[in-house]
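Single-structure report; data block below.
Each residue takes its place number in the sequence, starting with 1. In this text the structure is predicted, and so the values were computed from the model without any measurement. FYI, side chains are in, hydrogens and waters are out, and symmetry mates aren't considered; it's all heavy atoms of this structure.
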Amino acid sequence: MTEYDKDVLDFLLQQVQWCKYQDKILADIEETLYLMRALAEYRSAHVLPEQEVQRLNDEMLFLEGEVKRLQLDLDHELTN
């Protein structure tokens with residue numbers, strides 16, 4: 001194997017690792033969005049006490065922050 005071949009192989013292996021990392025971030029985003037959808041559907045299907053509504057709203061805000069954080073991680077990976 002030539003030095004050029006080794007460099008190409010190293011580059012391709014790095015690309016595979018990069019794609020795997022991006023795939024993990026996207027899977028985490030998808031999982032969080034499904035959870036948010038389930039919470040929203042639960043809330044819309046039930047009459048809940050105000051305290052429970054507030055708890056669900058707080059959880060939705062937390063999950064929204066997680067999606068934004070993951071998106072920033074993904075954006076950072078795409079620019080590097």
Side-chain angles (χ1 to χ4, degrees):
M1 181 179 287
T2 68
E3 189 64 35
Y4 175 77
D5 292 337
K6 289 178 185 176
D7 289 344
V8 169
L9 181 60
D10 286 344
F11 172 77
L12 294 174
L13 289 172
Q14 287 175 354
Q15 292 297 303
V16 168
Q17 290 303 315
W18 182 68
C19 289
K20 286 180 179 181
Y21 182 71
Q22 286 184 327
D23 188 52
K24 169 79 170 87
I25 291 173
L26 291 170
D28 290 347
I29 289 172
E30 182 180 31
E31 182 181 329
T32 304
L33 291 174
Y34 276 118
L35 180 55
M36 291 173 76
R37 179 180 178 173
L39 289 174
E41 288 175 348
Y42 175 81
R43 182 173 175 213
S44 69
H46 297 85
V47 176
L48 302 169
E50 185 59 34
Q51 183 179 5
E52 181 68 5
V53 170
Q54 185 58 47
R55 187 189 70 73
L56 291 174
N57 285 342
D58 291 345
E59 188 166 352
M60 287 291 273
L61 288 173
F62 173 78
L63 293 171
E64 180 183 359
E66 285 297 298
V67 169
K68 287 178 181 179
R69 182 189 60 79
L70 290 165
Q71 181 64 45
L72 286 173
D73 287 349
L74 187 60
D75 291 345
H76 177 72
E77 280 298 311
L78 291 174
T79 59
N80 289 333

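- Between the CG atom in Asn57 and the CG atom in Leu61 there is a gap of 6.5 Å [rounded to 0.5 Å].
- Pairs passing the salt bridge (Lys or Arg N to Asp or Glu O under 4.0 Å) check and including a residue from residues 6-23, sequence neighbours excluded, do not occur.
- Hydrophobic clustering places Tyr4 together with Phe11 (ILVMFWY residues linked when any side-chain heavy atoms are closer than 4.5 Å, directly or through intermediates).
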Dump the intermediate steps for side-chain contact (heavy atoms from CB on, under 4.5 Å) on Ile29 and Leu33, then the final yes or no.
-> CA-CA 6 Å; Ile29 289 172; Leu33 291 174; 3.8 Å; yes
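- By the 4.5 Å heavy-atom criterion applied to side chains, Asp73 and Arg69 are counted as neighbours.
- A distance of 9.5 Å separates CG in Leu12 from CD in Gln14, rounded to the nearest 0.5 Å.
- In this view, Leu63 and Thr32, Leu35, Met36, Leu39, Glu59 satisfy the side-chain contact (heavy atoms from CB on, under 4.5 Å) rule, not counting sequence neighbours.
- Heavy-atom neighbours of Glu31 CD from other residues, nucleotides or ligands within 6.0 Å: at or below the threshold of 12.
- Between atom CD of residue Glu30 and atom CG of residue Leu70 there is a gap of 12.5 Å, rounded to the nearest 0.5 Å.
- Linking ILVMFWY side-chain heavy atoms closer than 4.5 Å, directly or via other members, places Leu13 and Met1 in a single hydrophobic cluster.
- When all heavy atoms of Arg43 and Val53 are compared, the closest pair comes out as NH2-CG1, 3.2 Å.
- Leu72 and Tyr21 end up in different hydrophobic clusters when Ile, Leu, Val, Met, Phe, Trp and Tyr side chains are linked at under 4.5 Å.
- Looking only at side-chain heavy atoms (C-beta outward), Arg55 and Gln51 stay at 4.5 Å or farther from each other.
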